[in-house]
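What you are looking at is a predicted structure, and each value in this text was computed from that prediction instead of being measured. Nothing fancy with the numbering, it's 1 onward along the sequence.
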Amino acid sequence: MSRFQFVDDHRDTYEVKRLCQVLDVNRSSYYKWLAGAEARATRQREDRVLAEEIREVHGASGGAYGVRWAQISWRTSSGDTDRRTWALPR
(Lines give C-alpha, C1' and ligand atoms only; values in the text may rest on other atoms or scores of the structure.)
Protein backbone atom coordinates (compact mmCIF):
# COMPACT_ATOMS: atom_id res chain seq x y z
CA MET A 1 0.00 0.00 0.00
CA SER A 2 1.32 3.42 -0.86
CA ARG A 3 1.45 6.25 1.64
CA PHE A 4 -1.05 8.14 -0.49
CA GLN A 5 -3.47 5.22 -0.36
CA PHE A 6 -3.08 5.11 3.42
CA VAL A 7 -3.94 8.81 3.66
CA ASP A 8 -6.94 8.29 1.41
CA ASP A 9 -8.17 5.31 3.45
CA HIS A 10 -7.95 7.20 6.76
CA ARG A 11 -8.95 10.72 5.76
CA ASP A 12 -12.44 10.28 7.23
CA THR A 13 -10.93 9.53 10.65
CA TYR A 14 -8.03 12.02 10.69
CA GLU A 15 -7.26 15.30 8.96
CA VAL A 16 -5.37 14.98 5.70
CA LYS A 17 -2.94 17.62 6.91
CA ARG A 18 -2.06 15.60 10.01
CA LEU A 19 -1.78 12.30 8.12
CA CYS A 20 0.56 13.90 5.61
CA GLN A 21 2.71 15.36 8.39
CA VAL A 22 3.02 12.01 10.17
CA LEU A 23 3.80 10.13 6.94
CA ASP A 24 6.11 12.89 5.68
CA VAL A 25 4.10 13.38 2.49
CA ASN A 26 3.41 16.69 0.82
CA ARG A 27 -0.29 17.48 0.75
CA SER A 28 0.02 18.79 -2.78
CA SER A 29 1.50 15.45 -3.86
CA TYR A 30 -1.35 13.59 -2.20
CA TYR A 31 -3.96 15.71 -3.99
CA LYS A 32 -2.13 15.28 -7.29
CA TRP A 33 -2.15 11.49 -6.71
CA LEU A 34 -5.86 11.67 -5.88
CA ALA A 35 -6.61 13.60 -9.08
CA GLY A 36 -4.87 10.93 -11.16
CA ALA A 37 -6.79 8.00 -9.65
CA GLU A 38 -9.24 7.73 -12.54
CA ALA A 39 -6.48 7.80 -15.15
CA ARG A 40 -4.57 5.07 -13.26
CA ALA A 41 -7.67 2.90 -13.04
CA THR A 42 -8.31 3.31 -16.77
CA ARG A 43 -4.72 2.42 -17.59
CA GLN A 44 -4.86 -0.69 -15.40
CA ARG A 45 -8.04 -1.85 -17.13
CA GLU A 46 -6.44 -1.31 -20.55
CA ASP A 47 -3.33 -3.19 -19.45
CA ARG A 48 -5.40 -6.17 -18.28
CA VAL A 49 -7.21 -6.31 -21.63
CA LEU A 50 -3.94 -6.01 -23.51
CA ALA A 51 -2.27 -8.70 -21.41
CA GLU A 52 -5.15 -11.05 -22.25
CA GLU A 53 -4.77 -10.32 -25.97
CA ILE A 54 -1.05 -11.06 -25.75
CA ARG A 55 -1.77 -14.34 -23.93
CA GLU A 56 -4.21 -15.28 -26.72
CA VAL A 57 -1.56 -14.69 -29.39
CA HIS A 58 0.94 -16.73 -27.40
CA GLY A 59 -1.62 -19.49 -26.84
CA ALA A 60 -2.65 -19.53 -30.49
CA SER A 61 0.94 -20.30 -31.40
CA GLY A 62 0.87 -23.30 -29.09
CA GLY A 63 3.33 -21.52 -26.84
CA ALA A 64 5.92 -21.64 -29.61
CA TYR A 65 6.14 -17.88 -30.18
CA GLY A 66 8.62 -15.95 -28.13
CA VAL A 67 8.16 -12.27 -27.41
CA ARG A 68 9.50 -11.11 -30.79
CA TRP A 69 7.24 -13.33 -32.92
CA ALA A 70 4.22 -12.86 -30.67
CA GLN A 71 4.77 -9.11 -30.96
CA ILE A 72 4.96 -9.26 -34.75
CA SER A 73 1.87 -11.45 -34.95
CA TRP A 74 -0.12 -9.29 -32.57
CA ARG A 75 0.91 -6.02 -34.21
CA THR A 76 -0.07 -7.23 -37.66
CA SER A 77 -3.48 -8.35 -36.41
CA SER A 78 -4.22 -5.32 -34.21
CA GLY A 79 -2.30 -2.52 -35.90
CA ASP A 80 -0.77 -1.46 -32.58
CA THR A 81 2.68 0.11 -32.75
CA ASP A 82 3.17 1.16 -29.12
CA ARG A 83 6.34 -0.49 -27.82
CA ARG A 84 5.38 0.20 -24.21
CA THR A 85 2.60 -2.35 -24.43
CA TRP A 86 5.19 -5.10 -24.54
CA ALA A 87 6.68 -4.07 -21.22
CA LEU A 88 3.63 -5.19 -19.24
CA PRO A 89 4.21 -7.05 -15.99
CA ARG A 90 3.35 -10.73 -15.93
Side-chain angles (χ1 to χ4, degrees):
M1 172 189 301
S2 75
R3 292 177 291 171
F4 298 130
Q5 185 64 53
F6 184 87
V7 171
D8 195 48
D9 291 345
H10 294 90
R11 69 183 188 168
D12 294 332
T13 308
Y14 304 101
E15 291 181 340
V16 170
K17 180 179 180 179
R18 183 69 178 142
L19 287 166
C20 290
Q21 286 174 343
V22 169
L23 296 173
D24 195 28
V25 173
N26 291 327
R27 274 187 293 163
S28 61
S29 297
Y30 164 71
Y31 287 115
K32 186 175 181 177
W33 173 86
L34 192 61
E38 186 176 331
R40 279 191 308 280
T42 300
R43 184 58 171 249
Q44 288 173 346
R45 279 191 303 273
E46 291 172 355
D47 285 353
R48 282 193 299 273
V49 169
L50 180 60
E52 185 57 37
E53 290 176 8
I54 292 169
R55 281 188 202 96
E56 288 176 12
V57 168
H58 182 69
S61 73
Y65 281 179
V67 172
R68 168 98 35 214
W69 284 108
Q71 181 181 22
I72 291 169
S73 176
W74 182 74
R75 279 186 178 178
T76 57
S77 66
S78 71
D80 187 286
T81 59
D82 186 6
R83 232 178 120 71
R84 185 215 65 86
T85 57
W86 288 90
L88 290 175
R90 289 183 175 187

Rounded to the nearest 0.5 Å, what separates atom [atom1] in [X] from atom [atom2] in [Y]?
| X | Y | atom1 | atom2 | value |
| --- | --- | --- | --- | --- |
| H10 | D12 | NE2 | CG | 10.0 Å |
| L34 | S29 | CG | OG | 12.5 Å |
| D24 | R3 | CG | CZ | 7.0 Å |
| E15 | Q21 | CD | CD | 8.5 Å |
| F4 | N26 | CZ | CG | 8.0 Å |

task: Check whether more than 12 heavy atoms from other residues, nucleotides or ligands sit under 6.0 Å from atom CD of E38, and answer yes or no.
output: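 Not buried by this count: 12 neighbours or fewer within 6.0 Å.
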Pairing residues for Y30 by the ring pair (Phe, Tyr, Trp, His ring centres under 6.0 Å) criterion, not counting sequence neighbours: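 For Y30, no residue satisfies ring pair (Phe, Tyr, Trp, His ring centres under 6.0 Å) once neighbours in sequence are set aside.
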- prompt: Who are the ring pair (Phe, Tyr, Trp, His ring centres under 6.0 Å) partners of Y14, not counting sequence neighbours?
  reply: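 In terms of ring pair (Phe, Tyr, Trp, His ring centres under 6.0 Å), with neighbours along the sequence ignored, Y14 is linked to no residue.
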query: With a 4.5 Å limit on heavy-atom distance, are the side chains of R48 and Q44 in contact?
result: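 Side chain of R48 against side chain of Q44, heavy atoms only: contact under 4.5 Å found.
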message: To check you understand the geometry: which heavy-atom pair defines the closest contact between V16 and V7, and what is its length?
response: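 Taking V16 first and V7 second, the nearest heavy atoms are CG1-CG1, 4.1 Å.
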Nearest non-hydrogen partners of K17 and R27, listed with the distance: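 Looking at all heavy atoms of both residues, the closest pair is CA-CD, 3.7 Å.
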